[in-house]
Amino acid sequence: MVPSTKSSPVKSPLSSPEASTSSARTSPVSNSKASASLEGQSEQLSEQIKPATVEEESKTSIDSEEDDKPLSSRLRMKPKPQKKTSSPVSGKRPLDEANVSEQSSVKRPKVPDSSASAKNKQVSAKKEAKEEEDDDFITIADRAKKVMSDNKSSVALTKPKKVTKMGSSSIKKTIKKDKKGSNFSKYSKSTNMAPSSNDGQEKWATLVHNGVIFPPPYKHHGVKMLYNGKPVNLTPEQEEVATMYAVMKDTEYVQKKTFRNNFWNDWQKLLGKRHVIQKLDACDFTPIYDWYQNEKEKKKQLSKEDKKALQEEKLKQEEKYMWAIVDGVKEKVGNFRVEPPGLFRGRGEHPKLGKLKRRIRPSDVTINIGKDAPIPECPIPGESWKEVRHDNMVTWLAFWNDPINQKLFKYVFLSPSSSLKGQSDKEKYEKARMLKDYIGNIRAAYTRDFTSKDGAKRQIAVATYLIDKLALRAGNEKEDDEADTVGCCTLKVENVKAIGPNSLEFNFLGKDSIRYENTVEVEVPVYKAIIQFQAGKRGNDDLFDKLDTSKLNAHLKELMPGLTAKVFRTYNASITLDNILNKETKEGDVSEKLVVYQHANKEVAIICNHQRTVSKSHGAQMSKLMEKIGGLQGTLKELKTDLDRARKGKPPLEDANGKRKRNLTPEALEKKIAKTTEKIEKMEVDMRTKEDLKTVALGTSKTNYLDPRITVAWCKRHEVPLEKIFNKSLLEKFAWAMDVDFDFRF
DNA sequence: AATGCAACTTAGGACGGATGTG
DNA sequence: CACATCCGTCCTAAGTTGCATT
């Protein structure tokens with residue numbers, strides 16, 4: 001795919017290919033294809049873009065009155081009907097206020113984990129233990145005990161962990177009024193997490209695992225590619241790389257010159273300078289491509305049983321690598337498979353596209369494991385690990401150097417469902433919640449500094465503002481051998497256009513070469529500051545020349561302990577979800593509530609610019625839906641005439657095929673009409689959402705930005721089954737959030 | 001202060017099985 | 001039942017951040 005061509009949801013589904021003007025990177029190919037067939041429809045379906053109407057409220061500058069408003073209501077990229085209601089309410093939330101005052105009176109401990117509720121958890125966990133088909137060999141109760149004792153011991157024999165002050169903040173949680181049927185603790189396994197945050201501390205006391213599994217060796221297939229029309233003999237090594245290229249025939253990668261050049265370069269090294277094959281252009285890989293397609297087809301044609309058997313075989317081989325035992329608890333390992341060799345598939349215009357990513361061998365791999373644990377046997381006979389370490393200050397189980405960029409490491413970590421990951425996830429959200437208490441002052445401070453005499457200060461202020469308001473990423477410097485993308489600190493002059501009287505038009509490639517395109521009305525001082533930062537510079541110069549991420553983060557740390565740029569994204573995402581859910585959830589059935597949730601989720605995804613490419617079949621799908629609706633409208637018309645006739649005692653007209661229809665009573669016809677109308681309406685809604693979400697990825701925010709406790713609590717309050725929102729993986733990942741109080745607010 | 005290294009989180013796309021639909 | 005679409009899972013790239021070194 002060509003990520004850079006996606007139209008940005010930040011703007012609206014309407015942003016057309018030609019809107020993305022600048023940048024040589026823009027290849028309109030996929031974009032125009034995707035939208036061409038649909039141009040007319042999408043115009044009707046999607047909301048109009050207007051240059052962001054950041055209304056009155058934000059012109060009055062950000063003052064503390066507005067502080068707990070969700071970003072989405074402070075920043076209106078698209079006017080939305082239902083949002084009109086939001087302004088008078090002014091974001092005051094009784095529940096939240098209670099929270100805030102409570103928090104400000106009690107100094108928030110780093111991890112306000114509630115020991116009180118931990119007790120509850122154990123009880124409920126035990127209760128549910130039976131129905132949990134957790135394939136652990138340790139029971140939950142055992143695990144709880146184990147963790148408890150481990151904690152004690154590790155506290156005893158390691159540097160004092162911050163086990164202290166768990167009391168104060170947890171007191172509030174003792175009033176546990178559980179609503180009927182709203183207990184999700186069946187998903188919370190041992191919620192008993194190590195009680196402390198431990199940055200710079202031991203991450204585990206004991207660690208046992210079986211290392212990593214390597215991909216099978218290459219199987220020589222002997223299918224001959226053609227060179228100038230003639231079959232060529234290749235050694236297995238040469239053939240392997242040729243095959244990697246051949247099978248990518250219908251990806252967009254091979255269209256890219258960089259990809260082909262890099263591939264050729266690396267392949268030629270294997271062929272040798274004097275090989276018959278002298279240039280890529282004269283190569284015909286189709287025999288290999290066809291062979292591969294055929295193999296794939298064969299695999300697909302296997303019987304259900306055979307497939308299952310194959311799967312089980314694989315599972316059996318991998319079983320031992322799937323688990324680690326961390327402090328006596330069996331935990332899933334995340335990525336225990338070593339990455340197979342292949343051609344590098346970078347995103348966007350990555351300079352290393354197509355380079356051969358060589359095979360990783362045991363001698364590349366460093367293992368990290370408990371001192372007393374048996375060292376994993378090297379799975380390839382005759383070879384051995386590069387190194388074995390016993391470092392409990394880190395969480396990785398293994399790593400090797402990335403063959404594409406030797407300086408980088410590829411790590412093997414535990415899976416997101418592990419309590420190690422869960423704990424840091426929780427800490428992440430607690431930090432973001434802490435920002436709530438500081439955000440007012442922070443906003444006041446940067447607003448003040450928009451006009452600071454000190455240029456560096458001004459840049460920090462504006463950058464912080466953009467990170468807060470637009471949820472931009474920090475933006476580290478990048479090397480020349482990476483794709484040319486930017487974040488806040490690395491914005492170029494040409495990425496921002498000042499549009500009078502006080503709007504800014506952003507257009508740049510961010511992470512994963514996803515385009516960020518957005519026009520926003522900003523405070524006048526910001527507008528002026530940007531113009532001043534741009535003065536006398538060229539398009540490619542840094543907008544913030546006195547700033548980088550470490551300066552920025554150092555500054556943020558002075559405003560709140562542990563504050564960094566990315567916390568703003570988490571904070572704004574989660575508070576937006578919390579606010580929208582609580583504002584917009586009405587009485588109604590589950591499906592209506594799910595619509596509200598999805599809407600909130602979408603708002604967050606738009607704020608964070610989480611995009612996806614429009615599926616190849618999107619256009620076709622839409623036309624199909626249109627057709628269906630058209631058909632239904634036809635029947636509706638027919639039914640209406642029939643109703644008219646029936647009322648006059650006449651028989652229905654013949655249908656389109658000239659067939660006779662049954663005589664129906666007017667009542668029956670009315671019923672049918674109502675049903676059809678309903679069906680049409682439902683389809684129209686479906687179509688609108690589909691179109692609306694065609695470029696928006698909801699999953700990323702759900703997985704990484706939205707405090708799961710907001711969702712869990714909301715589900716409890718509104719009796720929505722959690723499984724409607726979290727799939728199995730997410731339920732596992734968020735086990736730590738399951739027994740949150742139903743009145744939890746972010 | 002700049003640079004480099006290390007460790008960890010966040011990200012979109014591919015793929016294949018599950019589920020819905022006619 | 002056949003097909004399309006949906007959805008979860010896997011994969012691994014691409015970020016952020018903290019800290020040590022120069």
Side-chain angles (χ1 to χ4, degrees), chain A residues 1-3 6 199-200 203 248 251-253 296 299-300 304 307-308 311 334-340 342 344-348 350 352-353 357 366 368 391 393-396 399 401-402 404-416 420-421 424-425 427-428 467 473-479 482-483 485-490 509-514 548-554 556-557 562-567 569-570 573 605 608-613 615-618 620-621 624-625 628 686 690 695-705 726-732:
Chain A
M1 295 301 95
V2 184
K6 292 185 196 178
D199 353 318
K203 300 294 201 308
M248 289 180 76
T251 69
E252 292 191 23
Y253 285 109
K296 249 184 13 189
K299 233 184 243 165
K300 237 185 7 205
K304 230 179 193 167
K307 277 189 196 163
K308 205 160 201 175
Q311 267 247 296
N335 52 328
F336 50 85
R337 287 181 205 91
V338 169
E339 294 174 15
F344 179 67
R345 297 152 105 109
R347 319 263 167 89
H350 194 118
K352 296 192 173 182
L353 239 38
K357 195 169 83 166
T366 299
N368 190 36
D391 183 355
M393 305 293 280
V394 295
T395 67
W396 54 266
F399 83 83
N401 287 88
D402 178 4
I404 291 296
N405 187 347
Q406 280 294 127
K407 287 183 294 197
L408 300 181
F409 302 143
K410 299 287 194 151
Y411 291 94
V412 174
F413 290 115
L414 292 172
S415 95
L420 216 55
K421 291 284 191 191
S424 75
D425 209 26
E427 281 162 18
K428 171 182 79 184
I467 283 169
R473 296 188 182 83
N476 286 298
E477 300 293 335
K478 298 192 73 181
E479 306 288 317
E482 299 176 274
T485 62
V486 301
C488 183
C489 293
T490 41
L509 295 183
K511 183 177 180 181
D512 294 309
S513 293
I514 296 293
D548 61 43
T549 51
S550 64
K551 284 176 196 150
L552 178 69
N553 281 335
L556 294 177
K557 290 234 151 42
L563 184 60
T564 63
K566 81 187 189 98
V567 180
R569 269 169 83 82
T570 312
C608 296
N609 199 32
H610 292 145
Q611 295 190 236
R612 56 176 186 160
T613 40
S615 87
K616 235 193 262 167
S617 56
H618 178 81
Q621 286 177 29
K624 225 192 226 159
L625 279 174
K628 261 192 212 161
D686 286 355
K690 200 187 180 85
T695 59
V696 185
L698 300 184
T700 307
S701 48
K702 218 189 247 183
T703 309
N704 299 304
Y705 288 103
F726 290 155
N727 63 30
K728 192 171 136 262
S729 311
L730 288 180
L731 288 171
E732 281 172 17

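Just so you know, these numbers use all the heavy atoms, side chains as well, and skip hydrogens, waters and symmetry mates. Convention: sequence-line order gives letters A, B, ...; per-chain numbering from 1.
Taking atom NZ of residue A:K566 and atom C1' of nucleotide B:dA11, one finds them 13 Å apart after rounding to whole Å. For the pair A:L420 CG and B:dT9 C1', the interatomic distance rounds to 14 Å; values are reported in whole Å. Between A:N476 atom CG and B:dA2 atom C1' there is a gap of 14 Å when expressed in whole angstrom units.
Side-chain atoms of A:R473 lie closest to C:dG15 of the nucleotides C:dG15, B:dG13, B:dC5. For A:K690, whose side chain is taken as the heavy atoms from C-beta onward, the closest listed nucleotide among C:dG18, C:dT5, C:dC10 is C:dT5. Which of C:dT17, B:dT10, C:dT9 sits closest to the side chain of A:N727 comes down to C:dT9. Looking at the side chain of A:E339, the nearest of the listed nucleotides C:dA13, B:dG13, B:dA7 is C:dA13. In this structure, the nucleotide among B:dC8, B:dA11, B:dT9 sitting nearest to the side chain of A:D512 is B:dA11. Candidate nucleotides B:dT10, B:dT9, C:dT17 were compared by shortest atom distance to the side chain of A:K421, and B:dT9 ranks first.
Using cut-offs of 30° and 60° on the angle between ring planes, the pair A:F344 and A:H350 is perpendicular.
Contact annotation: A:T564 does not reach the phosphate of C:dT16 (side-chain N/O to OP1 or OP2, under 4.0 Å). For A:K511 and C:dA13, the shortest distance from a side-chain N or O to OP1 or OP2 is not below 4.0 Å. Under 4.0 angstrom from either OP1 or OP2 of B:dT9 there lies at least one side-chain N or O belonging to A:S424. The side chain of A:K624 contributes an N or O atom lying less than 4.0 Å from OP1 or OP2 of C:dT5.
Across all strands, A:Q621 comes closer than 4.0 Å only to sugar-phosphate atoms, never to a base (heavy-atom distances).
With the nearest nucleotide of DNA chain B identified for both A:K551 and A:F413, A:K551 has the one nearer the 5' end.
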Show each protein N/O and nucleotides 19-22 of chain B N/O combination with a separation under 3.5 Å, one pair to a line.
| from | atom 1 | to | atom 2 | distance (Å) |
| --- | --- | --- | --- | --- |
| B:dG22 | OP1 | A:K628 | NZ | 3.2 |

